[in-house]
Asks: 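To start, I am sharing the structure in question, which I have written as structure tokens.
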Amino acid sequence: MKTIHPLTLATIVSTLFLTSSPLRAADTDDRIESSAAKSYVFKTYLKDDSIKVEAKDGVVTLTGSVATESHKTLAENTVTSLPGVTSVKDQLAVVGTQPAEHSDAWITTKVKTALLFHRNVSASGTTVSTVGGIVTLSGVADSVAQKELTTEYAKDIDNVASVNNEMTITSKPGMPAPTIGDKIDDASITAQVKSSLLTHHSTSALHTTVSTTDGVVTVGGIAKNDAERSLVTKLATDITGVISVVNNMTIAAPDIAK
């Protein structure tokens, strides 16, 4: 039997490793691009936007255009959460006229966005209008509880002066939103939770980390008090696809004036 010199064997192994590494990287990049396109967020919220996802060695570049700044953030958060992604270059352009910050049109958009991600309210069944910071809600709700929750979410938007809820209670409940986490990919759940916390006034300034595994969301960071920590859990739990929430946030030490 011919003996292979140890040095020759090492060279062969090294050559095979170097040859296979680019192939593995290419497979990962292809999987990232495919996963983004198939994600719940891209297929549901971003389906009318023009987004191109290109991955190279785990670095993802997003190009194209979206309708709103919130869509741009949602796309970036979704892709960032995909397995194998090391960084994201967000080059998406926001097209069309955008409402001035804190204007009535801006408030209306923020309220609609807040309702969009929560499964215990109906974004499609709720009409939102704003005049002078006063938000009026109309449409139908499945229950008194849903109507009250819709009011609660609308009130927790920056610059909302008050909420007038004129929704009627329907005697025929609509189709429930998906509630099983494995029906929605983890990256989409993470992106929705992040967007929800950013949209709501009470949690927008909180520095939270969010990750999802098999529909179980883990949040970390610092809250000012137990009420803020509990609110994060409540908002995250009400996101479509979430099975449960593990809240590892710590409470900030009280600022005692000297």
Side-chain angles (χ1 to χ4, degrees), residues 4-95 116-117 177-198 208-221 236 239-246 248:
I4 299 178
H5 192 277
L7 181 61
T8 305
L9 181 60
T11 302
I12 294 173
V13 172
S14 177
T15 302
L16 289 174
F17 177 78
L18 292 174
T19 303
S20 62
S21 292
L23 294 177
R24 287 199 299 271
D27 288 342
T28 299
D29 291 334
D30 289 343
R31 186 166 59 251
I32 289 170
E33 294 174 3
S34 176
S35 296
K38 294 177 181 178
S39 69
Y40 176 80
V41 162
F42 272 68
K43 292 171 66 176
T44 304
Y45 304 122
L46 308 179
K47 61 182 182 348
D48 295 325
D49 293 311
S50 178
I51 302 175
K52 185 175 182 179
V53 181
E54 291 183 296
K56 178 65 175 177
D57 297 331
V59 178
V60 178
T61 302
L62 300 177
T63 56
S65 60
V66 292
T68 65
E69 190 68 36
S70 63
H71 281 201
K72 180 176 180 177
T73 302
L74 194 57
E76 181 176 343
N77 283 338
T78 302
V79 173
T80 299
S81 302
L82 290 172
V85 174
T86 57
S87 63
V88 176
K89 298 177 181 178
D90 191 344
Q91 298 175 1
L92 291 168
V94 180
V95 297
L116 193 62
F117 303 120
T179 57
I180 301 176
D182 60 7
K183 288 184 178 179
I184 299 178
D185 56 288
D186 288 337
S188 290
I189 292 174
T190 295
Q192 290 179 99
V193 171
K194 286 182 177 180
S195 293
S196 175
L197 297 179
L198 184 63
T208 54
T209 59
V210 182
S211 62
T212 309
T213 302
D214 296 330
V216 177
V217 174
T218 301
V219 292
I239 297 297
T240 302
V242 173
I243 291 177
S244 62
V245 175
V246 178
N248 291 330

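The chain is numbered in sequence order, starting from 1.
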Asks: Under the side chain to side chain donor-acceptor pair (under 3.5 Å) rule, collect the residues that match up with Ser188, sequence neighbours excluded.
Replies: Asp185
Asks: Do the side chains of Thr218 and Asn248 get nearer than 4.5 Å, heavy atoms only?
Replies: yes
Asks: So which atom in Ser195 and which in Leu74 form the shortest heavy-atom distance, rounded to 0.1 Å?
Replies: OG-CD1, 3.3 Å
Asks: Would Val53 and Leu62 satisfy side-chain contact (heavy atoms from CB on, under 4.5 Å), going step by step from the backbone distance to the final call?
Replies: CA-CA 5 Å; Val53 181; Leu62 300 177; 3.7 Å; yes
Asks: Any donor and acceptor pair, going by atom type alone, linking the side chain of Ser39 with main-chain N or O of Ala36 inside 3.5 Å?
Replies: yes
Asks: Which atom pairs, donor and acceptor, lie under 3.5 Å between side-chain atoms of residues 82-95 and protein residues at least two apart or in another chain?
Replies:
from: Thr86; atom 1: OG1; to: Gly58; atom 2: O; distance (Å): 3.1
from: Asp90; atom 1: OD1; to: Leu92; atom 2: N; distance (Å): 3.1

Asks: Check side-chain contact (heavy atoms from CB on, under 4.5 Å) between Lys38 and all other residues, then give those that pass, not counting sequence neighbours.
Replies: Ser34
Asks: Tell me every residue that passes side-chain contact (heavy atoms from CB on, under 4.5 Å) with Thr209, counting only those two or more places apart in sequence or in another chain.
Replies: none
Asks: Name all residues meeting the side chain to side chain donor-acceptor pair (under 3.5 Å) criterion together with Thr208; count only those two or more places apart in sequence or in a different chain, and write none if there are none.
Replies: none
Asks: According to ring-ring contact (aromatic ring centres under 6.0 Å, His included), who are the partners of Phe117, at least two apart in sequence or on a separate chain?
Replies: Tyr45
Asks: Quick one: list whatever passes side-chain contact (heavy atoms from CB on, under 4.5 Å) with Thr190, sequence neighbours left out.
Replies: Ser81, Lys194, Val210, Thr212
Asks: Could I get the full list of side chain to side chain donor-acceptor pair (under 3.5 Å) partners for Thr68, not counting sequence neighbours?
Replies: Ser70
Asks: According to the ring-ring contact (aromatic ring centres under 6.0 Å, His included) rule, which pairs have a member within residues 58-87, sequence neighbours left out?
Replies: none
Asks: Side chain to side chain donor-acceptor pair (under 3.5 Å) with Ser35: which residues, sequence neighbours excluded?
Replies: none
Asks: Quick one: list whatever passes side-chain contact (heavy atoms from CB on, under 4.5 Å) with Ala55, sequence neighbours left out.
Replies: Asp29, Ile32, Glu33, Val60
Asks: Mind jotting down which residue pairs meet the salt bridge (charged side-chain N to carboxylate O under 4.0 Å, His left out) criterion with at least one end in residues 41-53? Sequence neighbours excluded, please.
Replies: Lys52-Glu54
Asks: Looking at every non-hydrogen atom in both residues, tell me the closest pair between Thr78 and Ala191 and how far apart they are.
Replies: OG1-CB, 3.2 Å
Asks: Minimum heavy-atom separation for Ala236 to Val242, with atom names?
Replies: O-CG2, 3.4 Å
Asks: Can you give me the closest heavy-atom contact between Ala75 and Ile51, atom names plus distance?
Replies: CB-CD1, 4.1 Å
Asks: Minimum heavy-atom separation for Ala37 and Phe42, please, with both atom names.
Replies: O-CB, 4.2 Å
